[in-house]
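Encoded as structure tokens, the structure appears first; notes follow it.
Protein chains get the first letters and strands the later ones, always in sequence-line order, with residue 1 at the start of each.
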There are 2 protein chains.
Amino acid sequence: MPRDEHQNREIRDARRDQLLEAASVIFARRGMAGTKISDVAKEAKLSHGLVYHYFNSKEQLFYELVKKASERSMVSLTKALEVEGTPLDQLTLMTEEILRSIEHGNELHLFVIMIQASTSDAVPEQVTSLLSDVNHSPVKAILPMLIAGQERGEIVQDDPVQLAVAYYAMIQGLAINKIQWKECPIPKASILLRLFTSKGGE
Amino acid sequence: MPRDEHQNREIRDARRDQLLEAASVIFARRGMAGTKISDVAKEAKLSHGLVYHYFNSKEQLFYELVKKASERSMVSLTKALEVEGTPLDQLTLMTEEILRSIEHGNELHLFVIMIQASTSDAVPEQVTSLLSDVNHSPVKAILPMLIAGQERGEIVQDDPVQLAVAYYAMIQGLAINKIQWKECPIPKASILLRLFTSKGGE
DNA sequence: GTCTATAACACGATAGAC
DNA sequence: GTCTATCGTGTTATAGAC
């Protein structure tokens, strides 16, 4: 008894997700160049031939993951911007959300893949151009919040770019740390936020 | 006219350094698995056959670099411990030195290679065991300074492990950032150190 | 000490059976 | 839709000329 089109579609979607999930694990561990299609297939418990049934190439597979990652990375940020409250409130909420997701380790692989994508030049052209749009400036993205906070006097009067760089570096570093060291204690949001608040208080 | 043994030795040392230097650039950019011996040779402007004259394998080449990197990474730390002054003085000096070296970009490649070595499992067994000795605990290394500082009341009374993790994550993140984004403005030491100083002042 | 040529092999990608 | 068998390329590593 033949499957109908609807069932086929469900199977295809499931397989695609299965492969993307497996690929994110392997890519995060071994990088773009170090990843073998056969390892991805093994992780997904499917044959390596099937990978090419769903994706044109290893590069495309990597591209899809970076796209997914960069979409997700903007979620926390836009959420933060919708929150009622002062800039510092928004930053606090955003930080807590990011730390939770690092702690929980759910989308950690995607995070690391984005870092790889921007540090390694072993990645396809298509990917780097995608990144210059989105990832190139998570720093720029939080800049407005910092400046607004400085105007209200709730954020310290340092160079806001330096503040943003330090903040983003810490997030990146924590994600990397967490992947390598599972039991790594993730700091509380209040520690990260101390970057922004002046010593003398306000 | 034949070269004598001394001249030969000088040539060998020079070539070895030349290859290690080139390899650190390529490994940092493309990772262990992504690095091709021919690329290293090209970077060093030598033939790829010569690489195998000086190193047994790609893995050994990588191993030598990680060893070199882990030796260097302890330098800033031990220097800091020799400084006369309070724990916060020592941390300040250490931070300034590390930021200078990131800013200057001199040993950045080695730094990134160490991060790769600990995040990727595409590295040889020999390397990971080397790392568990040295790199596994730069966090542990600064812990005593933090605790001493807390006793003197010059460092905030948060969980010192969380403080150390946050600090080290920021350093790592800055190094990674700098490699990908050459003009990245490196924050002043005072910004990083704000992690450690209490909001209310002392 | 340095190079070029080549052996041996691994991996990405495809073809075709079921 | 999924698998196994296979091709072709490119890479590690070696051999041997200079």
Side-chain angles (χ1 to χ4, degrees), chain A residues 1-23 26-27 29-65 120-127, chain B residues 1-23 26-27 29-65 120-127:
Chain A
M1 135 180 156
R3 293 186 294 267
D4 64 20
E5 182 49 32
H6 177 69
Q7 284 172 314
N8 275 341
R9 166 134 204 113
E10 273 188 348
I11 290 177
R12 283 204 303 273
D13 285 352
R15 288 288 169 273
R16 228 185 114 88
D17 283 354
Q18 193 177 350
L19 285 168
L20 281 172
E21 175 60 28
I26 305 297
F27 274 124
R29 276 216 288 262
R30 313 192 44 112
M32 161 72 196
T35 292
K36 288 173 281 190
I37 289 292
S38 57
D39 290 339
V40 173
K42 201 189 297 170
E43 174 79 17
K45 297 190 167 123
L46 295 169
S47 76
H48 75 268
L50 203 60
V51 178
Y52 288 97
H53 186 76
Y54 287 97
F55 300 93
N56 296 326
S57 63
K58 189 168 82 161
E59 297 199 348
Q60 195 217 329
L61 189 51
F62 189 75
Y63 175 80
E64 298 284 341
L65 284 173
S120 167
D121 59 359
V123 302
E125 171 60 31
Q126 205 185 12
V127 171
Chain B
M1 137 179 159
R3 293 186 294 266
D4 63 21
E5 182 49 34
H6 176 70
Q7 284 171 314
N8 275 339
R9 163 133 207 116
E10 273 188 348
I11 290 176
R12 282 203 304 273
D13 286 352
R15 288 289 168 273
R16 228 185 114 88
D17 283 355
Q18 192 177 349
L19 285 168
L20 280 172
E21 175 59 29
I26 305 297
F27 274 124
R29 274 214 290 260
R30 315 196 38 116
M32 161 74 196
T35 293
K36 287 172 282 188
I37 289 292
S38 58
D39 290 338
V40 173
K42 200 188 297 169
E43 175 78 19
K45 293 184 169 131
L46 295 170
S47 76
H48 76 267
L50 204 59
V51 179
Y52 289 97
H53 186 76
Y54 287 98
F55 301 92
N56 296 326
S57 64
K58 189 169 81 162
E59 297 199 347
Q60 195 216 331
L61 188 52
F62 189 75
Y63 174 79
E64 299 283 339
L65 283 173
S120 167
D121 60 358
V123 301
E125 171 59 31
Q126 207 185 11
V127 171

Query - Integer-rounded Å distance: D:dT11 P and B:Glu59 CD - result: 17 Å

Report task. Check every atom of C:dA13, C:dG1, D:dT12 against the side chain of A:Ser57 and return the nucleotide holding the closest atom. Result -> C:dA13

Report task. In whole angstrom, give the distance that lies between atom OH of A:Tyr54 and atom P of D:dC3. Result -> 9 Å

Query raised in the report: Given that A:His53 and A:His48 both sit by DNA chain D, which one's nearest nucleotide is further toward the 5' end?
Result: A:His53

Requested in this report: Whole angstrom is fine here: how far is it from NE2 in A:His6 over to C1' in D:dG1?
Outcome: 16 Å

Query raised in the report: Checking all strands, does B:Ile11 fall into the base, sugar-phosphate, or nothing category for heavy-atom contacts under 4.0 angstrom?
Result: sugar-phosphate

Query raised in the report: Looking at B:Ile11 and B:Tyr54, what are the two nearest heavy atoms and their distance?
Result: O-OH, 4.5 Å

Query raised in the report: Could you give the CG-to-P distance, from A:Leu50 to C:dT14, as a whole number of Å?
Result: 14 Å

Query raised in the report: Which heavy atom in A:Gly34 sits nearest to a heavy atom in B:Ala33, and how many Å separate them?
Result: CA-CB, 3.1 Å

Query raised in the report: Once you round it to whole Å, what is the distance between C1' of C:dC11 and CZ of A:Arg30?
Result: 13 Å

Query raised in the report: With respect to the phosphate group of D:dG1, does any side-chain polar atom (N or O) of A:Arg15 fall under 4.0 Å of OP1 or OP2?
Result: no

Report task. With heavy atoms under 4.0 Å as the rule, sort A:Phe55 into base, sugar-phosphate or nothing. Result -> nothing

Report task. Take atom CG of B:Asn8 and atom C1' of C:dT2, then tell me their distance rounded to the nearest Å. Result -> 12 Å

Query - Closest nucleotide among C:dT14, D:dG1, C:dT2 to the A:Arg12 side chain - result: D:dG1

Report task. Mind listing the closest non-hydrogen atom pair of B:Met32 and B:Lys58 along with its distance? Result -> O-NZ, 3.3 Å

Query raised in the report: So, for A:Glu43 and A:Ala22, which heavy atoms are closest and what is the spacing to 0.1 Å?
Result: CG-CB, 3.5 Å

Query raised in the report: Between D:dA13, C:dC3, D:dC3, which one does the side chain of A:Leu46 approach most closely?
Result: D:dC3

Report task. Using whole Å, report how far CG of B:Leu19 lies from P of C:dG1. Result -> 12 Å

Report summary line: With the side chain defined as heavy atoms from C-beta on, A:Lys36 is closest, among C:dG12, D:dT12, D:dT2, to C:dG12

Requested in this report: Take atom CD1 of A:Ile26 and atom P of C:dG12, then tell me their distance rounded to the nearest Å.
Outcome: 12 Å

Query raised in the report: Of the candidate nucleotides D:dT2, C:dC3, D:dT12, which contains the atom at the shortest distance from the side chain of B:Ile37?
Result: D:dT12

Query raised in the report: Nearest heavy-atom pair of A:Leu61 and A:Leu20: which atoms, and what distance?
Result: CD1-CD2, 3.9 Å

Query raised in the report: Given C:dA15, is OP1 or OP2 found less than 4.0 Å from the side-chain N or O atoms of A:Tyr52?
Result: no

